[in-house]
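Throughout, residue positions are numbered sequentially from 1 according to the sequence presented. Both backbone and side-chain heavy atoms feed into the values below; hydrogens, waters and symmetry mates do not. Atoms within a ligand are numbered from 1 in the order they appear, just like the ligands themselves.
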Amino acid sequence: MKTGIPYHQLEDESRGQEYNRRTQVYYRGLIALATGASVLLVIMALCNLLIPRPSSSSSSSHPVPDISLRLPNMESCTDPCRIVLVESIPEGLEFNSSTTHPSIFQSWMNLMNEARSSVDIASFYWTLTNKDTHTHEPTANQGEAVLNRLAELSGNLSVRIAVNTPQEKQPRHDLRLLNDSGAHIRTVNMKELTTGVLHTKFWVVDKQHIYIGSANMDWRSLTQVKELGVVVYNCSCLAADLSKIFEAYWFLGESKSIPSPWPERFSTMYNKDTPLQLPLNNTPSNVYLSSSPPSLCAAGRTSDLQSILSVVEDAESFVYIAVMNYLPTMEFSHPKRYWADIDTQLRRVAYEKRIKVRLLISCWNSTQPVMFSFLKSLASVYDPKNNLDIQVRLFVVPATPKQKEIPFARVNHNKYMVTDKIAYIGTSNWSGDYFVNTAGSALVVNQTASQSVESTVQSQLKAVFERDWNSDYSTPLTQHSNLKDFCYV
Ligand SMILES: *[C@@H]1O[C@H](CO)[C@@H](O)[C@H](O)[C@H]1NC(C)=O
Ligand SMILES: *[C@@H]1O[C@H](CO)[C@@H](O)[C@H](O)[C@H]1NC(C)=O
Ligand SMILES: *[C@@H]1O[C@H](CO)[C@@H](O)[C@H](O)[C@H]1NC(C)=O
Ligand SMILES: *[C@@H]1O[C@H](CO)[C@@H](O)[C@H](O)[C@H]1NC(C)=O
Ligand SMILES: *[C@@H]1O[C@H](CO)[C@@H](O)[C@H](O)[C@H]1NC(C)=O
Ligand SMILES: *[C@@H]1O[C@H](CO)[C@@H](O)[C@H](O)[C@H]1NC(C)=O
C-alpha cells in the first residue's frame, strides 16, 4: 500500500481501477500532449536544421504542458472510524493474559442495535440454533439470540443475506425463518460458478458499520470455536467499498455466470497500491479490502492472494500467521494439485530477508495428516546460526467429554496475519482452493505512518498472536511430533 501513486502505476493498464483510470486518462492526455509537443519540437528542430528559417520560432506558441499541474484529488475519508478487534473464546478456554477483546456475539448484537436502515450479510451457511445437532446445548443461546434479533429486524428494515447455495443435507431452518420474517435471501451457487463455495463472512450495516472475520453464522462460532474478527463503526467509506463486494455476491445470486469484466459499479479505487486513507481510532491509516477468487474481483480490487503475498513481502522483521488450515496444495480438487504460492513466499522472505516466520495452525480430529508433512517441511527451515527462523506451533482447543459430543466444535478457526507493519484479517483457510475458486475477503490495515500513542490494530493483533502462541494450548511442531498424541484426542 503506497500512499502516493508512482507514475509507472498510472501507466499500468491492467489495473484498470476507477481511480487510476481517471488519472490515467488525465496523465495519458498530458503525456500525449507532451509527447506530441516534443515530437513536434524535434520535427521542427529538424526542419529548422534542414530548412533554415527566420528565427521567429513557433515553439513559444506551442508551450509544453506543465506536468506539475494539480495532482488528482486523493479522496480521503474523514469519517470518525472506530475499529475494534473481536473474538470468540470457546467455553472453558482460559488465557493467563490481559489481552482480551469484546466478543463477536456482543459485536453482532451491537451492530443490530445500531441498524436503522439495512443489514447485509455475506455468509457460508446458517446454523444458529442447535437444532442441527439434535442436542440441547445451553451454549447455543447466543446464536439463537442473534437469529431472533435478526428476524425481528427483518420485519422493520432491509435485511439481505447472500449465502452459499445450501447442499441437500445442510439445514435451512434459519434461512426459512429469516425469509418468513421478511429478509431477502439470495443463494450463490459458487459450485457452478467457480467449483468453489461462498466462504466469506462479513456484515455491512446502514452502509456505515462493518464486521469481517472468521466466524460463520453458526452458534458454535460464538461459544465453542475460537474465532477472530474486526468491527469498524462509523466508517461509511470502508463500508461503501465492502458493499461493492456484497453487491457482487448479490448479483451472482441471480446470475448463471460471472461477468467479465464486472460492470463499473463494482470496481474500486482502493487496493494495495492506492489504499483508502482514513483515521482509525484517531490514527491515520491506510486500509483496503481484498477479495477472492480473482474472477470475483472487479477492476481495481486486489486479490486476496496478492494481498497476502504483498504483506509478507513488505515485512521487515516478522510475519505471524494464525490460520486453521495451511496447505501448499489444493485441498478439494481432483486430480491432486500442488499450490505453493504462499509457501514459497514465506520461505523466500525467511531466507532472503531473515524474516522471523511463525505459524500457529489448528489441529483437531478432522485435520488431514498430510498437512503436518508440509508443516514439518516448513518448520525444518530453522537454523538460528544461519538466521533461518521459521517456527510452527499447533493450537489445540481442549474439550471435556461433554464438549466432545458437539460436532465440528472445539477448534481454533482464526484466519489472520500480523507483521511488524500490517494487520491482515481474513475469512479464508490458507490452501489453494481459497484463492483459486472459493470466495473470501480480507481487511488489510497499515498504520505504519502513524506516530499515534493509541495502540494500533497491528499491536493489538500481535498481542493476540503472542498470547495464543505462548499459551498452554499451543505445542511446537518438531520433526518428531506425533500428532496422535495431541491432535486426535
Ligand atoms: C504501508 O504504508 C507505508 C506508507 O505509509 C508504505 O510505505 C508501505 O508500502 C505500506 N505497506 C503495505 C504492505 O502496503
Ligand atoms: C499467570 O502467569 C503469572 C506469571 O507467569 C503467574 O505468576 C500467575 O500465577 C499465572 N496465573 C494463572 C492463573 O495461571
Ligand atoms: C420491529 O421492531 C420492533 C422493535 O424492535 C419489534 O418489536 C417488532 O417485532 C419488529 N417488527 C416486525 C414486523 O418484525
Ligand atoms: C420466502 O418467503 C416468500 C414469501 O414472503 C415465499 O413465497 C418463499 O417461498 C419463501 N422462500 C423460501 C425459500 O422459504
Ligand atoms: C458514531 O459516531 C457518532 C457521532 O460521533 C457517535 O455518537 C456514535 O456513538 C458512533 N457510533 C458508534 C457505533 O460508535
Ligand atoms: C476424536 O476422535 C476420537 C476417536 O474417534 C474420539 O475418541 C474423541 O472424543 C474425538 N475428539 C473430539 C474432540 O471430538
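Counting only heavy atoms of the protein, atom 1 (C) of ligand 5 lies nearest to Asn234 ND2, 1.4 Å. The nearest heavy-atom contact from the protein to atom 13 (C) of ligand 5 is Tyr233 CD2, 3.4 Å. Shortest contact from atom 2 (O) of ligand 4 to any protein heavy atom: Asn179 ND2, 2.4 Å.
Checking each of Thr99, Leu228, Leu360 against Asp468 for a side-chain contact (heavy atoms from CB on, under 4.5 Å) leaves exactly one that passes, namely Leu360.
Polar contact with ligand 4: absent for Arg176 (N/O pair, distance under 3.5 Å). Of the N or O atoms in Asn446, one or more lie within a sub-3.5 Å distance of an N or O in ligand 1.
Annotation for ligand 1: atoms under 4.0 Å from non-hydrogen atoms of Ile422 are 11 (N), 12 (C), 13 (C). Atoms of ligand 1 found under 4.0 Å from any heavy atom of Thr448 (numbered from 1 in listed order, with element): 1 (C), 2 (O), 3 (C), 5 (O). Counting atoms of ligand 5 from 1 in the listed order, those under 4.0 Å from a heavy atom of Arg82 are 12 (C), 13 (C), 14 (O). Near Glu114, meaning under 4.0 Å from any of its heavy atoms, are these atoms of ligand 5: 13 (C).
His209 places no side-chain N or O within donor-acceptor distance of the main-chain N or O of Val231, the cut-off being under 3.5 Å. Panel note: side chain Arg220, backbone Pro407; a donor-acceptor pair is recorded below 3.5 Å.
At a distance under 4.0 Å, a protein heavy atom can be found next to atom 11 (N) of ligand 5. Of the protein's heavy atoms, none falls inside 4.0 Å of atom 5 (O) of ligand 4.
Figure legend: Arg467 and Phe95 shown as a cation-pi pair, the cationic atom lying under 6.0 angstrom from the six-membered ring centre and within 45 degrees of its axis.
Ring to ring, Phe435 and Trp339 are close: their centroids are under 6.0 angstrom apart.
Contacts of Asn286 with ligand 1, taken as heavy-atom pairs under 4.0 Å, involve the side chain alone.
Disulfide criterion (SG-SG under 2.5 Å) for Cys237 and Cys81: not met.
Ring-plane geometry between Phe465 and Tyr320 is classed as parallel, the angle between the planes falling under 30 degrees on a 0 to 90 degree scale with a further cut at 60.
Side chains of Asp218 and Tyr125: a donor on one and an acceptor on the other come within 3.5 Å.
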